[in-house]
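Report on one structure; see the data block that follows.
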Amino acid sequence: MMVVLIRLAGCSAALCLGIIFFPGSINIYGLIWGALLLTVFYTLLRPLLLTLALPFNLLLGGLITPLADALLIRWAAAWINGLMLNYWQCVALALTISLAYWPYSMWKQRQLPNK
């Protein structure tokens, strides 16, 4: 449950930055519903999508991951009227979500027992 709340906070923060960087592309309705839908997508669909893209991701050194994340944001933008983003704006938001989630992943790595 904690991971879902942290993911929701990261998606919300990234969409708030999207309001600043892409004026007119995201409104408050898009921010609220977009953060909720992106949390569901990142929690349920992202592992499946990255598993399917794993051979290409290994071949290209991980460059497919932000593009796959941008695809999830693009899908959310297609479902929600308050998100009007082009693909490259989705890539920028995907990178922002990854940066927002980075401190939690570093903290989680430190909590693992060293062998």
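What you are looking at is a predicted structure, and each value in this text was computed from that prediction instead of being measured. Starting from 1, each residue takes its place in the sequence as its number.
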Review point. Going only through I, L, V, M, F, W and Y residues with side-chain contacts under 4.5 Å, is there a path from Phe21 to Leu85?
Key: yes
Check your understanding: Does Ile80 share a hydrophobic cluster with Leu71, counting links as ILVMFWY side-chain heavy atoms below 4.5 Å and allowing steps through other members?
Key -> yes
Review point. About how many Å separate CE of Met84 and CG of Asn27, when rounded to the nearest 0.5 Å?
Key: 5.5 Å
Exercise for review: Kindly write out the residues that satisfy side-chain hydrogen bond (donor to acceptor under 3.5 Å, both in side chains) with Thr65, not counting sequence neighbours, or none if the list is empty.
Suggested key: Asn57
Can you give each donor-acceptor pair under 3.5 Å made by side-chain atoms of residues 1-19, sequence neighbours left out, with the distance rounded to 0.1 Å?
residue: Ser12; atom: OG; partner: Leu8; partner atom: O; Å: 2.8

Check your understanding: With a 4.5 Å limit on heavy-atom distance, are the side chains of Leu67 and Phe56 in contact?
Key -> no
Review point. What heavy-atom pair brings Pro103 and Ala100 nearest, and what distance separates the two atoms?
Key: CD-O, 3.5 Å
Review point. Quick one: salt bridge (Lys or Arg N to Asp or Glu O under 4.0 Å) pairs with a partner in residues 25-43, sequence neighbours left out?
Key: none
Point to revise | Test salt bridge (Lys or Arg N to Asp or Glu O under 4.0 Å) applied to Arg74 - qualifying residues, sequence neighbours left out | key: none
Check your understanding: Which pairs, with at least one residue in residues 67-100 and sequence neighbours excluded, count as a ring pair (Phe, Tyr, Trp, His ring centres under 6.0 Å)?
Key -> Phe41-Trp79
**Study point:** Pairing residues for Leu99 by the side chain to side chain contact (heavy atoms under 4.5 Å, CB included) criterion, not counting sequence neighbours
**Key:** none
Point to revise | Hydrophobic cluster partners of Leu58 (side-chain heavy atoms under 4.5 Å) | key: Leu54
Exercise for review: Report whether Leu36 and Tyr29 are members of the same hydrophobic cluster (ILVMFWY, side-chain heavy atoms less than 4.5 Å apart, transitive linking).
Suggested key: yes
Revision key, fill the gap. Residue pairs passing the salt bridge (Lys or Arg N to Asp or Glu O under 4.0 Å) test with at least one member in residues 84-99, sequence neighbours excluded, are none
**Study point:** side chain to side chain contact (heavy atoms under 4.5 Å, CB included) involving Ala92 - partner list, sequence neighbours excluded
**Key:** Phe22
Check your understanding: How is the hydrophobic cluster of Trp102 composed, in terms of its other members, when Ile, Leu, Val, Met, Phe, Trp and Tyr link through side-chain heavy atoms under 4.5 Å apart, directly or indirectly?
Key -> Met106
Practice item. Group every Ile, Leu, Val, Met, Phe, Trp and Tyr by side-chain heavy-atom contacts under 4.5 Å, then state whether Ile97 and Ile20 land in the same group. Key: yes
Practice item. Determine which pairs satisfy salt bridge (Lys or Arg N to Asp or Glu O under 4.0 Å) with at least one residue from residues 87-99, sequence neighbours left out, and list them in order. Key: none
Point to revise | Smallest separation among heavy atoms of Leu50 and Ala68, with atom names | key: CD2-CB, 4.1 Å
**Study point:** ILVMFWY network linking Tyr42 to Tyr101, side-chain heavy atoms under 4.5 angstrom
**Key:** no
Check your understanding: Which residue pairs satisfy the salt bridge (Lys or Arg N to Asp or Glu O under 4.0 Å) criterion with at least one member in residues 41-53, sequence neighbours excluded?
Key -> Arg46-Asp69
